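Some notes on the structure that comes next.
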Amino acid sequence: MKNQGWLRMVALILCLCMLPFFALAEEESETYWINSLTNLRLHADAFPEQNTRLKDWENYLGQLWLSVRGNAWQLFQPESRAQLTYALGKDFATTGPSVWMDIYNSYHYATSPAFRDEAVFFQMHNFFEFMLKPYFYMGLPTQYIALLMYPEASTYVIDSYYTPLAETLAGEGTRHIPYEDLYELCETLDLLVNDDAGYERVYFYITSLLTEMYAAESTLESLGALEDYLDYLDPEQEGMLITVEGDHETYVLGETTVFEQTKEEGALSFILNLPSEEGYAVSAHYDWRPGEDGSADLSLRFAMSMEEQEAVSIAVEGKGLPTEDDFSSSETQERKGQIKVDLGGEVFSQPVSTQTFDFWLSAGMDEIEDQPHRSAIVSVDWLHPETQKTAFTFYTWFEWMPVEYAFADGAYYTQDDFFNLNESALADYKERYMPSIAATLAPFILEMPAGVIDDIVEFAMQTGILEAFGF
């Protein structure tokens, strides 16, 4: 497919950009009522090659809205509880297909008229393995879609590494961390890769994130033997020296400065440097600084290199970004800013154009029955690299407020995991649900412009999706 490279690149950009936000999200014990409307618009005139199909997509997507409404506890956390209704509608009328999701941690149950009002079970620990199959067999970037659709996995993986590390290095002022403590830490972290046979969460997560760059296997091998890496950096077993001078901290292991951090007046910057015996090196630079108008600026660069040659790099520059205060002000706060993303390195056979995103945000807070009620409108434009015109607009309005922890008791749910799909299970699903799915989607399909239908059929035939599902 002509745009397959673009799909992979944009999906990877979105995943890597979103990971820090999920990782930095604080654990919330409150239950929230949430309500949102989301729309994705295409702008045909932004594309250098004009055709009627683009115009058909512009007209059709502009009418579709996705609504989400319900209660959620610890959203984006591995241990969560939520009951949400997703509904697709046209022109703000949510009369289209709907799905009611009942979520217990990694157990997700979907009930919909499209499934004859029966519950379909999704064990999310198996989600990444399932989504890797279309990538390996059809060349589709579905592994990145999985990272976006299940951010709880990002929270789990990053917290699983960060929490033990923070506990081991905890303390105040200049201090020394013994080698023995670091070795014990490495053995603990090794288990995340080597001792999770039931789920293999880290394995499939890293594979989904890095397989496109041919770095998954080597990364997993290193994560499964961290004590070997410790001995490479600290052959004399001297331990780590953490030096604190004012707002600046330096972390030295052996003769290598692996981490530097500076905190001052709401600003945070750090440098990460991880060389290896094989010649590989990983580096990261991060800088977050508040602006004079209450917004913030972000600079982030991540690189993997081999013998001083960059294999892959990603740089993100953000200007005018919103902060937490924007969502807690009794007065409406507006932000306009821009995010630019640059990809480079030898893994790309040709130079990659800068990806530019313009955004606008309006947010504020009031009170309903003595409870803080927050709302926001976010609009993000992706500028086409060749024309620098807005090609896609992502628009969402959402509101949320704390409520009592209250969820309806779920009925008895089947435990037949959809992600363990095989030929017999697929035949059963087709027989049971195909007529009801077709009846539910028929009104939307019948109103699709010819160009949209042609593109969908062409895509399904080129990728082999129809054949994979037995059509």
Side-chain angles (χ1 to χ4, degrees), residues 8 12 15-16 19 23 128 132 135-136 143-144 147 154 157-158 160-162 164-165 168-169 177-196 200-242 250-261 270-286 300-315 342-349 352:
R8 286 198 182 101
L12 176 59
C15 293
L16 293 177
L19 290 183
F128 288 92
L132 277 164
Y135 167 73
F136 287 125
Q143 78 278 23
Y144 296 136
L147 291 165
S154 299
V157 170
I158 296 176
S160 296
Y161 282 95
Y162 175 78
L165 180 64
T168 301
L169 304 184
I177 310 299
Y179 170 86
E180 291 75 16
D181 292 353
L182 296 175
Y183 194 91
E184 183 178 349
L185 170 66
C186 290
E187 290 183 318
T188 299
L189 297 180
D190 285 349
L191 298 178
L192 294 172
V193 174
N194 301 330
D195 192 30
D196 192 20
E200 296 182 292
R201 287 166 286 189
V202 172
Y203 171 83
F204 285 114
Y205 183 88
I206 296 298
T207 301
S208 297
L209 186 64
L210 299 179
T211 190
E212 182 81 11
M213 296 181 287
Y214 305 101
E217 185 176 348
S218 58
T219 300
L220 288 166
E221 184 178 345
S222 298
L223 291 176
L226 289 172
E227 62 272 16
D228 294 341
Y229 186 61
L230 172 65
D231 288 336
Y232 163 70
L233 291 177
D234 187 17
E236 301 300 324
Q237 302 183 2
E238 297 175 350
M240 175 178 285
L241 177 62
I242 303 175
T250 303
Y251 296 68
V252 178
L253 187 58
E255 298 182 354
T256 303
T257 301
V258 295
F259 189 74
E260 294 183 66
Q261 175 179 265
F270 66 75
I271 299 174
L272 176 70
N273 174 41
L274 298 175
S276 72
E277 188 173 9
E278 294 80 11
Y280 288 98
V282 173
S283 63
H285 299 256
Y286 176 90
L300 169 67
R301 192 175 193 279
F302 172 85
M304 298 176 63
S305 59
M306 176 62 179
E307 296 179 352
E308 300 183 357
Q309 295 292 326
E310 277 194 358
V312 63
S313 66
I314 177 172
D342 285 290
L343 293 176
E346 294 183 344
V347 297
F348 300 101
S349 58
V352 180

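Every value quoted in this text rests on a predicted model; they were computed, and no experiment measured them.
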Query - Flag for E236-Y179: side-chain donor and acceptor within less than 3.5 Å - result: no
Query raised in the report: Which word best sums up how the rings of F270 and Y286 line up, parallel for under 30°, tilted for 30 to 60°, or perpendicular for over 60°?
Result: parallel
Query raised in the report: Which distance, rounded to the nearest 0.5 Å, do you find between the CG of L223 and the OG of S218?
Result: 9.5 Å
Requested in this report: Supply the atom-to-atom distance E212 CD to Q143 CD, rounded to the nearest 0.5 angstrom.
Outcome: 6.0 Å
Query - D234 side-chain N/O to G239 backbone N/O, donor-acceptor pair under 3.5 Å - result: yes
Report task. Classify the side-chain pair N194/Y203 by whether it contains a donor and acceptor separated by less than 3.5 Å. Result -> no
Query - Where S313 and G345 come nearest, the two heavy atoms and their spacing - result: OG-N, 4.4 Å
Query raised in the report: Above 12 or not: heavy atoms from other molecules or residues under 6.0 Å from CD of E187?
Result: yes
Report task. Show your reasoning for whether side-chain contact (heavy atoms from CB on, under 4.5 Å) applies to L226 and L230. Result -> CA-CA 6 Å; L226 289 172; L230 172 65; over 6 Å; no
**Report entry** Separation between CG of L274 and OG1 of T256, rounded to the nearest 0.5 Å
**Finding:** 9.5 Å
Query raised in the report: Taking C-beta and beyond as the side chain, do I177 and T168 meet within less than 4.5 Å on heavy atoms?
Result: yes
Query raised in the report: Do you know which two heavy atoms are closest between A216 and I206, and how far apart they sit?
Result: CB-O, 4.0 Å
Query raised in the report: If you draw a 6.0 Å radius around OH in Y280, do more than 12 non-hydrogen atoms from other residues or ligands fall strictly inside?
Result: no
Query raised in the report: Can you tell me how far the CD atom of E180 sits from the CD atom of Q237, to the nearest 0.5 Å?
Result: 7.0 Å
**Report entry** Heavy-atom closest pair, residues R301 and E310
**Finding:** NH2-OE2, 2.8 Å
Query - Heavy atoms from other residues, nucleotides or ligands near CZ of F136 exceed 12 (cutoff 6.0 Å) - result: yes
Report task. State, yes or no, whether a side-chain contact exists between L220 and L210 at a heavy-atom distance under 4.5 Å. Result -> no
Requested in this report: Take M240 and I242, measure what side-chain contact (heavy atoms from CB on, under 4.5 Å) needs, and give me the verdict at the end.
Outcome: CA-CA 6 Å; M240 175 178 285; I242 303 175; 4.1 Å; yes
Report summary line: In terms of heavy-atom contacts, Y144 and S208 come closest through CE2-O, 3.6 Å
**Report entry** Steps toward side-chain hydrogen bond (donor to acceptor under 3.5 Å, both in side chains) verdict (Y229, E277)
**Finding:** CA-CA 8 Å; Y229 186 61; E277 188 173 9; over 6 Å; no
Requested in this report: Mind running side-chain contact (heavy atoms from CB on, under 4.5 Å) on N273 and V258 for me, showing each step along the way?
Outcome: CA-CA 5 Å; N273 174 41; V258 295; 5.7 Å; no
**Report entry** Ring center gap for F259 and Y251 short of 6.0 angstrom
**Finding:** yes
Report summary line: Separation between CD1 (I271) and OG1 (T250), nearest 0.5 Å, reads 9.5 Å
Query raised in the report: Atom OG in S160, atom CG in D196: separation rounded to 0.5 Å?
Result: 9.0 Å
Requested in this report: Carefully, step by step, assess D342 and I314 under the rule side-chain contact (heavy atoms from CB on, under 4.5 Å).
Outcome: CA-CA 6 Å; D342 285 290; I314 177 172; over 6 Å; no
Query raised in the report: Under 3.5 Å, is there a donor-acceptor pair linking the side chains of Y205 and S154?
Result: yes
Query raised in the report: What pair of heavy atoms forms the shortest contact from Y232 to S276, and how long is it?
Result: OH-O, 3.3 Å
